[in-house]
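Worksheet: the structure to be examined is printed underneath.
Chain identifiers are assigned alphabetically (A, B, ...) following the order of the sequence lines, protein sequences preceding nucleic acid strands; residue numbering begins at 1 within each chain.
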2 protein chains.
Amino acid sequence: MRKSTPGGIDLIWTQPPPPPRQRALGRDEIVTAAIGVADESGLDAMTMKAVAARLGDYTPMALYRYVHNKDGLVDLMLDAAAAEIPLPAQPGPDWREDLRTLAMDSRRMIGRHPWFARLVHTRPPAGPHMMRRLEFMLAVLTRRGATVAAAMTYAALIDRHITGSGLQEAEEARIERRYGLDDSAKLFAALATLHELAAADGGLPHLTGWFAQPSGPTPAEQFTLGLGFLLDGIAGRLSSHAADGV
Amino acid sequence: MRKSTPGGIDLIWTQPPPPPRQRALGRDEIVTAAIGVADESGLDAMTMKAVAARLGDYTPMALYRYVHNKDGLVDLMLDAAAAEIPLPAQPGPDWREDLRTLAMDSRRMIGRHPWFARLVHTRPPAGPHMMRRLEFMLAVLTRRGATVAAAMTYAALIDRHITGSGLQEAEEARIERRYGLDDSAKLFAALATLHELAAADGGLPHLTGWFAQPSGPTPAEQFTLGLGFLLDGIAGRLSSHAADGV
DNA sequence: TACGATGTCTATATAACGTATACTCGCTCT
DNA sequence: AGAGCGAGTATACGTTATATAGACATCGTA
């Protein structure tokens, strides 16, 4: 940054030796920094300024040589995150297991990068890793007799479930964070507010009851449940027109 | 707005008679205006200034008396949109049909208000209409033997599918709009770019093929397909522990 | 060793956003 | 008639992203 000091002659002695120039930033460093900021401080905190600061003594404008846009940076972040999802070289023997583990791994990635679910829908999914992941799903499904068009649909359904879950969990976490995460009393108070609202309506017995004593499967269990529903549905479709052998 | 004219004495004659004061804005008008702006010009165009302008000769600050911040306005918008979803007074005889039409109506609403899917995850779902809608789903499901906790899960799965579809369709529309919606050549060019990207990778045969000749079910068909999968899955769960009569 | 060229980063400026604060002014009620 | 209130305005501030222009170290070449 190194702003000039206005008013007050700055002798050489007062200034420490300037930091080395030509530090040669790069896309990778920038993207990692951006992901770090977004992971730790949330998507709203991921400003160009914050990313530049995390990289050291840089101005926001320094990044523009490498990413020309914030949207560009977002694209790179999304694909970097997608790259974290392990991808088998070839579909395995069990299509269902292939899709299941891919979905679970994707979910885990989103758990590490909650911003992913919010950003993925704002950009065209043209990153190479995103594409390779989709290609894998298509390979798994078409090998089982699905047309590419049908496979695209099934893949979209699964991805919708993954990002939808991620979105919801991330939002719950964000709200908890916003209203004091560490303090479980705060959380209780927030819930109590909702309970009051529901009770005040008068016509919401089930909801009011649930708020009084919230319970249910964990998010992970909900996720696998829904995933199972979708895979079952896909299985039904696959078997119906895949009369040919494996 | 009626800004003072800087530099240049404004005689009374140059100014038309001032518009009637005490116009008494209200939440309803503001929310309708905000929804109108968001529907017509997109979520990004929905600024306080734009909403105020749509209401007539108002400054952005005029709104703050009624909504105290933009998040509050968003909450009101979300609930107003939720209010558009028709809700039977009582669950009908066929739980599946109840959930199906609710889902279809919700989807139709999102079709009218594409911003809904993007906003709904950013705020706690505490609006009265949102709650009543959820209560209805709970009523339908618990009446069939589900616990409230299980019903909450099923409802979440369905809603995830609804908003996920909405998000995806809205995004596709937004991208098309961004790169020239009326011009189908532009759209073709965008698709060609994706095709090139996929082809350049070399290892994406299915995806490349699909880009060369995109096809598949309409979004509406995809939606009902996925919804069917989920309802089937829920049905399986319901029947398993609902040995008691209706 | 001197010197442009190049490439990297900084400084500055702009337009738009949400919104706090302080005000103006007309209506209404006494 | 005059006080008070309530609706809307004006202005200002701190943030964004980003265009534009300039500073300056390093490098290739002489």
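Residue Ala62(B) is the one, among Ala62(B) and His68(A), whose nearest nucleotide of DNA chain D lies closer to the 5' end (criterion: closest heavy atom). Comparing Lys70(B) and Arg65(B) by the nucleotide of DNA chain C whose heavy atom lies nearest to each, the residue mapping closer to the 5' end is Lys70(B).
Side chains of His121(B) and Glu171(A): no donor on one and acceptor on the other come within 3.5 Å. Arg160(A) and Ser165(B) share a donor-acceptor pair across their side chains, judged by distance under 3.5 Å alone.
In the set dA17(D), dT19(C), dT10(C), the nucleotide with an atom closest to the side chain of Thr59(A) is dT10(C). Which of dT16(D), dT10(C), dA10(D) sits closest to the side chain of Tyr58(A) comes down to dT10(C). In the set dT11(D), dG18(C), dT10(C), dG18(C) carries the atom at the smallest distance from any side-chain atom of Tyr64(B).
In this structure, Met46(B) atom CE and dA16(C) atom P are separated by 18 Å, rounded to whole Å. In this structure, the CG atom of Leu63(A) is 13 Å from the P atom of dT16(D), given to the nearest Å. What separates CE of Met48(A) from P of dC9(C) is a distance of 14 Å, to the nearest Å. The distance between atom CE of Met61(A) and atom P of dT12(C), rounded to the nearest whole Å, is 14 Å. Rounded to an integer number of Å, the gap from CG of Asp71(A) to C1' of dT16(D) is 14 Å. Atom CG of Leu55(B) is separated from atom P of dA7(D) by 15 Å (rounded to the nearest Å). What separates CG of Asp57(A) from P of dT8(C) is a distance of 18 Å, to the nearest Å. dC9(C) atom P lies 10 Å from atom CD of Glu29(A), rounded to whole Å.
The shortest distance between the side-chain N/O atoms of Asn69(A) and the OP1/OP2 oxygens of dA17(D) is not below 4.0 Å.
Ring planes of Phe211(A) and His195(A): tilted class, angle from 30 to 60°.
Using a 4.0 Å cut-off between a side-chain N of Lys or Arg and a carboxylate O of Asp or Glu, Arg133(B) and Asp79(B) do not qualify as a salt bridge.
Ile110(A) places none of its side-chain heavy atoms less than 4.5 Å from the side chain of Pro114(A).
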